[in-house]
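Numbering of residues begins at 1 and proceeds along the displayed sequence.
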Amino acid sequence: MSTPMPPGAGGERLPTAGLDDVEAATEAAIADAVQGAVGAQDATGRGLRGAGPQVVEAITRGARRSVTVGAAMARALTPARDLEEIVAEFAPVGWGGLVQVVGEPLGPLPGGAPRRRAVLPDQATVVQEVAGWDIPARVDETLARQAARLDVEPEARRPRRVGIAQRALWTQGLTLIHRAAGVGSAWFAGAFGLGLVWYTREDERVCPVCGPLHEVPIPRQGGGFVLPPPPGATWRGFTGLPPLHPRCRCFPRPRHRR
């Protein structure tokens, strides 16, 4: 689960309720897929690989929803004074949606110009973004590796190996969910001309690589973070924004104007 961030410079905490919901639903769906495919009679590599389509669906759905959640989190962390447009409400998106009013519509801008509503990334954009991550290939690679290990396990140890495979798939799903939340935050920041800063949870679980990156800004809009040497255990999906490594809990939050 994503635990709320401690107060930052502005005293705010990261609103992780929506992300918690996505994580819980995705983790449960992966567990159901694995246990349903393996069952009591087919604890084999072939049986494990049968979970693939459902696991892909669960992770893809969670990632798509998390793009929206990340944009909502970014909005909640951005002072109204920093916005050129005000987000009045978020439309429902998938799995019952995130129907959250995050601010009342304000009056006209100075000079009489009406305020415009900003919207979340449209679903076509979200679907296209997540499709580029090739989730089916990632899941298939993980299942192939875990299935090969399962087939050489003694019968008595196979339930344990199935549990390891399930956790490996969940690590993959969790990391992609956090990547999607970061994409949503970056989308929101870009829509309002805001930069980004790297944000850790500032607790005892922060790794030695991520810790020094806390509140480091991206030097320009649309750019990526420059990692301190050595880069540490980065994962192949790292493109300049958190997560930096599997299960990384860092988040790129909008940079407040000074």
Side-chain angles (χ1 to χ4, degrees), residues 1-24 26 62-63 65-83 87 102 121 129 133 170-258:
M1 285 290 184
S2 291
T3 53
M5 286 185 179
E12 62 275 275
R13 289 178 180 268
L14 186 70
T16 60
L19 200 59
D20 290 344
D21 291 344
V22 177
E23 290 176 11
T26 305
R65 187 181 174 194
S66 294
V67 176
T68 301
V69 171
M73 289 161 60
R75 167 62 186 93
L77 288 165
T78 304
R81 67 178 181 274
D82 285 355
L83 303 179
V87 178
V102 297
E129 168 68 28
W133 300 354
W170 169 229
T171 292
Q172 191 168 67
L174 180 64
T175 307
L176 289 172
I177 283 171
H178 288 180
R179 175 182 179 179
V183 166
S185 179
W187 176 90
F188 183 88
F192 291 99
L194 299 171
L196 291 169
V197 295
W198 191 289
Y199 219 71
T200 72
R201 304 300 175 93
E202 292 189 285
D203 60 20
E204 68 281 356
R205 293 171 57 195
V206 174
C207 75
V209 178
C210 291
L213 290 169
H214 182 66
E215 294 192 338
V216 170
I218 284 182
R220 59 182 176 82
Q221 191 174 333
F225 290 96
V226 178
L227 302 181
T234 58
W235 67 301
R236 67 181 183 181
F238 180 73
T239 58
L241 295 175
L244 177 58
H245 53 78
R247 291 183 174 265
C248 178
R249 300 174 300 144
C250 296
F251 182 74
R253 57 160 294 164
R255 185 181 186 185
H256 297 178
R257 293 172 178 167
R258 296 294 184 255

Does a side-chain heavy-atom distance below 4.5 Å link [X] with [Y]?
X      : Y      : result
Phe251 : Ser185 : yes
Arg65  : Asp21  : yes
Leu19  : His178 : yes
Tyr199 : Arg249 : no
Ile177 : Glu23  : yes

So, for [X] and [Y], which heavy atoms are closest and what is the spacing to 0.1 Å?
X      : Y      : value
Leu241 : Pro252 : CD2-CB, 4.3 Å
Thr171 : Pro246 : CG2-CB, 3.9 Å
Leu194 : Arg255 : CD2-O, 3.9 Å
Pro243 : Thr175 : CG-O, 3.5 Å

Main chain of His214, side chain of Thr200: is a donor-acceptor contact present, judged purely on distance under 3.5 Å?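 Side chain of Thr200 to backbone of His214: no pair is present.
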Look only at the side chain of Arg253 and the backbone of Leu196, and say whether a donor-acceptor pair between them is shorter than 3.5 Å. no
List for me each residue that meets side-chain contact (heavy atoms from CB on, under 4.5 Å) alongside Ala180, sequence neighbours excluded, and say none if there are none. Ala63, Ser66, Val67, Trp133
dist Cys250:SG -> His245:NE2 (nearest 0.5 Å) comes out at 6.0 Å
Could you give the distance from CD (Glu129) to CH2 (Trp187), rounded to the nearest 0.5 Å?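 CH2 of Trp187 is found 13.0 Å from CD of Glu129.
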Identify whether NZ of Lys or CZ of Arg in Arg75 sits under 6.0 Å from the centre of the six-membered ring of Phe188 and within 45° of that ring's axis. no
Run the side-chain contact (heavy atoms from CB on, under 4.5 Å) check on Trp198 and Leu244 step by step: do they pass? CA-CA 11 Å; Trp198 191 289; Leu244 177 58; 3.9 Å; yes
